[in-house]
Amino acid sequence: MENGNGNGVHKKWGFSANDEIDSASGITIRGVLNSLMNSRNPEDERPTIPLGHGDPSAFPCFRTTQIAEDAIVDSLRSAKFNGYSPTVGILPARRSIADYLSRDLPYKLSPDDVFLTIGCTQAIEIAMMVFARPGANILLPRPGFPYYEACAGFRNLEYRHFDLLPEKGWEVDLEAVEALADENTVGMVIINPGNPCGSVYTYEHLKKIAETAKKLGILVISDEVYGHLTFSSNPFVPMGVFGSIVPVLTLGSISKRWIVPGWRLGWLATSDPNGILKETKVVDSIISCLNISGDPATFIQAAIPQIIEKTTDDFFSKVITILKKSAEIIYAQIKEIDCITCHHKPEGSMFVMVKFNSTLMEDIKDDMEFCFKLAKEESLIILPGTAVGLKNWLRITFAVEPTSLQDGLLRLKAFCQRHAKK
């Protein structure tokens, strides 16, 4: 593109967009959801039902606890936390999170093991940045959370996918992990409880993951942003339990368990009692990354001790009760829709993955077309599986008002019947 100045001299502009950003981001959940919202029929007066995004905060039944709200107000009104925070986060918040995570571990974390981030997304960015070096690769789950691919791709960190097995409760295909890894593999990512699968890994399976990673000489990055949001016979077991077998980077936040994703307070914790991450300078690199990035709001950091220490079990139990009821509703009603199959009943998080059979449809060829027509005809938003790495599957969230979920499933059933082959 040429620049014509007032003297009639033409010169090329010296700037252009960074094409690598577009190629690295690829298909994103936000991008697909925004496109789906834009494809709705403006003449449809029914309320849009959002079953594509894991943000239950819009629904009154999922409102966060007043204890958390009061903690934020107290912190802000104290006027003590209006300045910058330390790179790693303020000490009281890191100490509180260390104690919180240590409740479920066979050893105790210190505040120096915890680094505060702007939500779990920044924790993902830091984790990908730390291990990016020429020739390195990282193993990611499929289906998974595409932000990992975006962050790795933008930093020229090669990523390779291992499959999760729906017939085994979306467990990690450990044989595939071993086949994919080589001398340049730095780590593997797991998401437990599972997004997008609604899975909850057993103690035994997590131990096998740890032993496999140790055998390969790689670490485990464990995304536990949905930690403790479980409602089946499998309890939540943090990967850090196996930190003595293999070094673990634990990623988390208050976003999901406290229903406050917009507060953007997350963490990265080193679950590594053998000190391997310090010996290999990974901890130093985490701090260096934080030195050149932003921090979560200081007044929200300061509210963390009160939020964690004073929130009562009845709040968590209420959330779990709603999620369990909604998971049962969706599992039962999906069975009545011929073109969709649920291979595994959700046990945790806020999502379920279901298989879409396009051969049973008259005029819909794949999951993307299915979701766009569904949005247009029914004002119902569901995420196509392509957005999370699995074509001709669908990710559906059940973290909504049960009545809205029921309405949405009725619309889904009517849509499928209308487009079914006669």
Side-chain angles (χ1 to χ4, degrees), residues 124 127-153 155-224 234 236-251 268 270-277 279-280 282 285 343-344 347-349 353 385 388-391 393:
I124 294 171
M128 297 300 100
M129 193 184 304
V130 163
F131 297 106
R133 55 175 170 75
N137 67 77
I138 192 165
L139 310 182
L140 303 179
R142 181 175 54 204
F145 184 53
Y147 200 69
Y148 284 95
E149 283 85 347
C151 290
R155 289 161 181 82
N156 294 315
L157 175 60
E158 179 192 350
Y159 52 86
R160 302 173 179 179
H161 289 112
F162 58 85
D163 288 328
L164 304 182
L165 306 172
E167 67 277 9
K168 293 186 177 181
W170 298 103
E171 287 186 347
V172 173
D173 184 345
L174 292 173
E175 291 183 2
V177 169
E178 292 199 41
L180 287 168
D182 59 23
E183 67 276 5
N184 293 316
T185 304
V186 296
M188 64 180 291
V189 171
I190 65 168
I191 305 174
N192 181 53
N195 172 16
C197 302
S199 52
V200 179
Y201 292 153
T202 64
Y203 179 98
E204 291 76 19
H205 186 57
L206 290 168
K207 186 176 182 182
K208 289 179 182 178
I209 292 172
E211 291 170 343
T212 300
K214 180 181 181 180
K215 176 182 176 182
L216 298 172
I218 62 177
L219 88 161
V220 178
I221 298 171
S222 185
D223 184 329
E224 297 174 3
N234 288 339
F236 168 63
V237 178
M239 191 69 207
V241 166
F242 306 100
S244 59
I245 297 176
V246 66
V248 176
L249 284 184
T250 300
L251 314 185
L268 188 155
T270 55
S271 301
D272 178 34
N274 296 323
I276 298 170
L277 297 176
E279 291 177 14
T280 53
V282 169
S285 185
H343 287 270
H344 186 73
E347 300 176 317
S349 80
M353 284 293 286
V388 293
L390 213 54
K391 184 178 175 63
W393 287 71

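- Listed here is the closest heavy atom pair of Ala181 and Leu139: CB-CD1, 4.2 Å.
- Heavy-atom minimum distance, Val220 versus Ala213: CG2-CB, 3.7 Å.
- Atom CD of Glu158 sits in a crowded spot, with more than 12 heavy atoms from other residues, nucleotides or ligands closer than 6.0 Å.
- To the nearest 0.5 angstrom, Ser199 atom OG is 14.5 Å from Lys168 atom NZ.
- Taking the side chain as every heavy atom from C-beta outward, Pro146 and Val388 approach each other to under 4.5 Å.
- Counting only heavy atoms from C-beta outward, the side chains of Phe131 and Val282 approach each other to under 4.5 Å.
- By the ring pair (Phe, Tyr, Trp, His ring centres under 6.0 Å) test, Phe236 is found to be paired with His228, residues two or more places apart in sequence or in another chain being considered.
- Side chain of Tyr201 to backbone of Trp170: a donor-acceptor contact under 3.5 angstrom is found.
- No more than 12 heavy atoms of other residues, nucleotides or ligands shown are found within 6.0 angstrom of NZ on Lys215.
- Although no hydrogens or angles enter the test, the distance criterion places no donor-acceptor pair under 3.5 Å between the side chain of Glu178 and the main chain of Thr212.
- Proximity of a side-chain donor or acceptor of Ser349 to a complementary backbone N or O of Pro193 within less than 3.5 Å is not detected.
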Evaluate side-chain contact (heavy atoms from CB on, under 4.5 Å) for Ile209 paired with Met188, printing each intermediate quantity in order.
CA-CA 9 Å; Ile209 292 172; Met188 64 180 291; 4.0 Å; yes

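- Within the model, atoms CD1 of Ile245 and NZ of Lys208 stand 13.0 Å from one another, a figure rounded to the nearest 0.5 Å.
- Of the inter-residue distances, the one linking Ile221 atom CD1 with Ile138 atom CD1 reads 4.0 Å to the nearest 0.5 angstrom.
- Taking the side chain as every heavy atom from C-beta outward, Pro247 and Asn274 never approach each other to under 4.5 Å.
- Residues Met128 and Cys151 share a closest heavy-atom pair of CG-CB, 3.7 Å.
- The OG atom of Ser285 sits 11.5 Å away from the CZ atom of Arg133 when rounded to the nearest 0.5 Å.
- Here the shortest heavy-atom pairing between Val246 and Leu219 reads CG2-CA, 4.1 Å.
- Put simply, the side chain of Asp182 gets close to the backbone of Asn184: a donor and an acceptor are under 3.5 Å apart.
- Here Phe242 pairs with Tyr203 under the ring pair (Phe, Tyr, Trp, His ring centres under 6.0 Å) rule; sequence neighbours left out.
- To the nearest 0.5 Å, atoms CG (Leu268) and OG1 (Thr250) are separated by 8.0 Å.
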For side-chain contact (heavy atoms from CB on, under 4.5 Å), just list the numbers for Asp223 and Tyr148, CA-CA rounded to whole Å, side-chain angles, deciding distance to a tenth of an Å, and then say yes or no.
CA-CA 11 Å; Asp223 184 329; Tyr148 284 95; 2.8 Å; yes

Please determine whether side-chain contact (heavy atoms from CB on, under 4.5 Å) holds for the pair Leu180 and Thr185, giving the CA-CA distance in whole Å, both sets of side-chain angles, and the decisive distance to 0.1 Å.
CA-CA 9 Å; Leu180 287 168; Thr185 304; over 6 Å; no

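- Screening Ile191, Asn195, Leu390 for a side chain to side chain contact (heavy atoms under 4.5 Å, CB included) involving Pro143 leaves a single residue, Leu390.
- A 4.5 Å side-chain heavy-atom check between Val172 and Ile190 finds at least one atom pair inside the cut-off.
- Across all non-hydrogen atoms, the minimal contact from Leu206 to Val237 is CD1-O, 3.2 Å.
- Under the 4.5 Å side-chain criterion, counting only non-hydrogen atoms from C-beta, Thr270 is in contact with Leu249.
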Does the side-chain contact (heavy atoms from CB on, under 4.5 Å) test come out yes or no for Leu174 and His205, once each step is laid out?
CA-CA 10 Å; Leu174 292 173; His205 186 57; 4.3 Å; yes

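- Side-chain contact between Trp393 and Pro196 is absent, with no heavy-atom pair separated by less than 4.5 Å.
- Closest of all the heavy-atom pairs between His161 and Pro141 is CD2-O, 3.9 Å.
- To the nearest 0.5 angstrom, Leu164 atom CG is 11.5 Å from His344 atom NE2.
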